[in-house]
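Here is the structure we will look at.
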Amino acid sequence: CIRDRYKTIESSGLNRGLEFWAEIQENCPQFLDAVSEIIVGADDGISLVLSRTGTLAQLGDGDYVRRVLRLRAIADEIEKSGNKANYIDLRYSDQAIVRLDKRAKNQRPG
């Protein structure tokens, strides 16, 4: 466990970030390869920048495994449709807000 090897400073943001990392590492370790950056916000919980697409995803706080599984499902659907998302917001339990990159549809391959 990360907390056993390193002394942490008293920071609620740092503790939330470590909680997220530990929970995802234990339950969805393959997902961590899809993350290039973990951002711990003061009020909005955890946000991620996805590696392949650069998409900013706001997860919120708590129940990180459920939120990550939801993010994966949404990101997979967006990719299957041939679109690219700039932003995904999962802070609300009953909806996901997705902002698609309109430029990605207009670019021609090659």
Side-chain angles (χ1 to χ4, degrees):
C1 180
I2 291 174
R3 292 178 193 219
D4 296 339
R5 293 184 285 193
Y6 301 100
K7 180 179 177 178
T8 61
I9 59 172
E10 289 301 317
S11 165
S12 62
L14 178 61
N15 288 334
R16 279 197 338 252
L18 288 172
E19 269 180 38
F20 170 79
W21 179 264
E23 190 171 335
I24 298 308
Q25 187 175 30
E26 182 178 324
N27 297 296
C28 308
Q30 68 282 5
F31 181 75
L32 291 174
D33 289 340
V35 176
S36 67
E37 189 174 344
I38 299 171
I39 304 162
V40 181
D43 297 335
D44 297 328
I46 302 290
S47 298
L48 306 174
V49 177
L50 301 181
S51 304
R52 290 190 356 226
T53 61
T55 303
L56 174 65
Q58 289 196 326
L59 297 182
D61 209 11
D63 199 359
Y64 299 122
V65 172
R66 181 181 63 80
R67 292 174 187 270
V68 163
L69 293 174
R70 193 168 164 219
L71 174 60
R72 287 188 76 177
I74 291 168
D76 287 348
E77 284 299 314
I78 292 168
E79 189 174 327
K80 283 181 195 173
S81 72
N83 288 310
K84 180 183 179 215
N86 289 329
Y87 177 80
I88 300 171
D89 190 340
L90 299 177
R91 291 177 292 168
Y92 312 101
S93 61
D94 60 342
Q95 67 180 344
I97 299 168
V98 177
R99 186 180 320 134
L100 295 177
D101 183 354
K102 293 182 184 354
R103 295 173 298 166
K105 268 294 207 196
N106 296 327
Q107 292 177 354
R108 294 182 181 191

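When the side-chain contact (heavy atoms from CB on, under 4.5 Å) test is applied to Ala96, the partners found at least two apart in sequence or on another chain are Arg70, Ile74, Leu90. Asn27 pairs by the side-chain hydrogen bond (donor to acceptor under 3.5 Å, both in side chains) definition with nothing, not counting sequence neighbours. For Arg52, the side-chain hydrogen bond (donor to acceptor under 3.5 Å, both in side chains) partners two or more places apart in sequence, or in a different chain, are Glu79. Residues passing the side-chain hydrogen bond (donor to acceptor under 3.5 Å, both in side chains) test with Glu37, sequence neighbours excluded: none. Taking the side-chain hydrogen bond (donor to acceptor under 3.5 Å, both in side chains) definition, one finds that Arg72 meets it with nothing, sequence neighbours left out. Remark: Thr55 pairs with Leu50, Thr53, Ala85, Ile88 by the side-chain contact (heavy atoms from CB on, under 4.5 Å) rule, at least two apart or across chains.
Judged by distance alone, the side chain of Arg91 and the main-chain N or O of Leu59 form no donor-acceptor pair under 3.5 Å. Without hydrogens or angle criteria, Arg16 side chain to Gly41 main chain gives a donor-acceptor distance under 3.5 Å.
Shortest non-hydrogen contact noted between Ser51 and Ser36 is OG-N, 3.3 Å. Listed here is the closest heavy atom pair of Leu56 and Val49: CD1-CG2, 4.2 Å. Residue Gly45 comes nearest to Asp61 through the heavy atom pair CA-CB, 4.1 Å, listed as atom of the first residue, atom of the second, then distance. Annotation for Glu23 and Asp63: closest pair OE2-C, 4.2 Å, computed over non-hydrogen atoms. Considering every non-hydrogen atom in both Val40 and Gly17, the closest pair reads CG2-CA, 3.7 Å. The two residues Leu100 and Asn86 come nearest to each other via the heavy atoms O-ND2, 4.1 Å.
Atom-to-atom distance recorded for Ser47:OG and Asp89:CG is 8.0 Å, nearest 0.5 angstrom. Interatomic distance, CD1 of Ile78 versus CG of Asp101, reported as 11.0 Å (0.5 Å rounding). Note that the CZ atom of Phe31 and the CG atom of Leu69 stand 9.0 Å from one another [nearest 0.5 Å]. For the atom pair Ser93 OG and Arg67 CZ, the distance stands at 8.0 Å (nearest 0.5 Å).
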Please evaluate residues Val98 and Tyr87 with respect to the criterion side-chain contact (heavy atoms from CB on, under 4.5 Å), reporting the C-alpha separation (whole Å), side-chain torsions for both, the decisive distance (0.1 Å), and the verdict. CA-CA 6 Å; Val98 177; Tyr87 177 80; over 6 Å; no

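There is no side-chain donor-acceptor pair under 3.5 Å between Glu19 and Tyr64.
Ile24 and Trp21 fall within a single hydrophobic cluster, where Ile, Leu, Val, Met, Phe, Trp and Tyr are joined by side-chain heavy atoms under 4.5 Å apart, directly or via other members.
Considering only heavy atoms from C-beta on, Leu48 comes within 4.5 Å of Phe20 through its side chain.
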